[in-house]
Amino acid sequence: MRTINTGSSGNGYALISGEDILLLECGVPAKEMLKAIDYQTSMVNGCILSHIHGDHAGYIKQYMQYGIKVYTSDEVETDVETVMGEKTIGLQRMKRQKIGSFEVVPFHVPHGETECDGWLIDTPDGRILFITDAEYCPYDFSKMHINYGLIECNYAEDYIRIEDSSPKYNHVLTGHMELETCKRLIQKINSVSLRSIGLIHLSAYNGNPVRFTEEIQEIVDCDVDVWVAEKGTEKEFRLMPF
């Protein structure tokens, strides 16, 4: 299984498993997404969307024009229809549902006042925990045998460069995952099953890719691949027999 970060200023990922593709987020232009998947739209089972903000949902109309079905939780579906006038396929939170060869479970994560979801994704090649734009993860996945993590590590509290009087300051603190919070989450899912951790949605101003990677590497087993998702990053996910 492969994951490709299709994003530039926005957020977009593609999970490729055999002959099937699941897109994560609609935050990059369709032309960038199409190029990343070699224009194989017939392989796309669908796209899952975490929330309504433009860097995640801004190009949803373009995706739908290519016949790509977009899936959200019921709560985010309401936001998309109200704000953007588009009808997504609403899924019940905390319930497992199939999208082609993938099985997904949306679950609420705190992102300020905005409805937002993380996703547990089962693929033929392993289990993925996908969390972005979340102050923290409210659920315990320690016994879920996570194989791959795509997890936000947006900023470090001692590195933040926004004045506390700025409106953006509170949004960062209540809407995004800080390094230590990310580390606690990864410590919980660390097990013999864990193969790879992709750190996503790093802040260009308040993040430090080298530092974040090194600190995460210190808390996982030595054979876990820790990497930062950047535009064009492509990772091969492999399950090792035990």
Side-chain angles (χ1 to χ4, degrees), residues 3-7 9-17 20-30 32-34 36-37 41 43-123 127-139 141 148-152 154 171 174-177 200-201 229:
T3 180
I4 301 174
N5 180 15
T6 64
S9 59
N11 296 273
Y13 310 90
L15 299 177
I16 303 174
S17 178
D20 294 313
I21 298 174
L22 180 66
L23 302 177
L24 315 181
E25 312 288 56
C26 310
V28 299
E32 293 186 25
M33 176 272 295
L34 292 170
I37 64 172
T41 54
M43 293 173 56
V44 177
N45 294 168
C47 176
I48 59 176
L49 178 63
S50 62
H51 66 295
I52 191 63
H53 287 161
D55 59 331
H56 295 260
Y59 295 94
I60 187 172
K61 294 177 184 290
Q62 293 183 8
Y63 285 42
M64 289 181 167
Q65 286 172 355
Y66 281 97
I68 295 172
K69 296 179 180 179
V70 180
Y71 296 82
T72 62
S73 68
D74 291 330
E75 290 78 5
V76 174
E77 177 192 15
T78 300
D79 285 351
V80 173
E81 188 169 8
T82 300
V83 176
M84 307 184 78
E86 298 293 338
K87 185 70 174 176
T88 62
I89 300 173
L91 305 178
Q92 184 178 336
R93 282 175 173 165
M94 305 302 290
K95 182 178 179 181
R96 185 180 303 277
Q97 290 142 113
K98 287 186 68 66
I99 302 177
S101 65
F102 302 90
E103 293 188 358
V104 302
V105 181
F107 56 91
H108 171 74
V109 293
H111 184 49
E113 300 300 317
T114 303
E115 289 288 351
C116 187
D117 293 287
W119 295 81
L120 185 67
I121 307 166
D122 281 329
T123 82
R127 175 168 286 173
I128 300 168
L129 182 62
F130 174 58
I131 299 179
T132 185
D133 285 49
E135 182 183 356
Y136 60 90
C137 178
Y139 298 100
F141 290 96
Y148 313 109
L150 292 173
I151 298 174
E152 178 180 60
N154 185 264
H171 173 69
T174 62
H176 293 283
M177 194 173 295
I200 63 175
H201 211 309

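Model, not experiment: these values are computed from the prediction.
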So do [Y] and [X] actually touch side chain to side chain, heavy atoms under 4.5 Å?
X    : Y    : value
E115 : T78  : no
L34  : Y66  : yes
C26  : M33  : no
I200 : Y13  : yes
L120 : R127 : yes
I121 : I48  : yes
V109 : P138 : yes
Y63  : V28  : yes

What pair of heavy atoms forms the shortest contact from [X] to [Y], and how long is it?
X    : Y    : answer
S73  : R93  : OG-NE, 3.6 Å
L15  : F102 : O-CZ, 4.0 Å
G46  : L22  : O-CD1, 3.5 Å
I131 : M177 : CG2-CE, 4.1 Å
F107 : M94  : CB-SD, 3.5 Å

Got a donor-acceptor contact below 3.5 angstrom from the [X] side chain to the [Y] backbone?
X    : Y    : result
K61  : M84  : yes
E25  : S50  : yes
D55  : N11  : no
E135 : P110 : no
S17  : D20  : no

Can you tell me how far [atom2] of [Y] sits from [atom1] of [X], rounded to the nearest 0.5 angstrom?
X    : Y    : atom1 : atom2 : value
D79  : T114 : CG    : OG1   : 7.5 Å
I99  : K69  : CD1   : NZ    : 10.0 Å
H176 : Y136 : NE2   : OH    : 15.0 Å
K98  : L91  : NZ    : CG    : 13.0 Å

Q) Do other residues, nucleotides or ligands put more than 12 heavy atoms under 6.0 Å from the OH atom of Y71? A) yes

Q) Residues two or more places apart in sequence or in another chain: which of them pass side-chain contact (heavy atoms from CB on, under 4.5 Å) with M64? A) I60, V70, E86, T88

**Q.** Set of side-chain contact (heavy atoms from CB on, under 4.5 Å) partners for V44, sequence neighbours left out
**A.**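 Once residues adjacent in sequence are excluded, the partners of V44 under the side-chain contact (heavy atoms from CB on, under 4.5 Å) criterion are I21, L23, I37, I68.
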
Q: Decide whether H201 and D133 meet the rule of one side-chain donor and one side-chain acceptor closer than 3.5 Å.
A: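 Checked: H201/D133 side chains pair up, N/O donor to acceptor below 3.5 Å.
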
Q: Could you check whether the rings of H51 and H111 sit parallel, tilted or perpendicular, using 30° and 60° as the cut-offs?
A: perpendicular

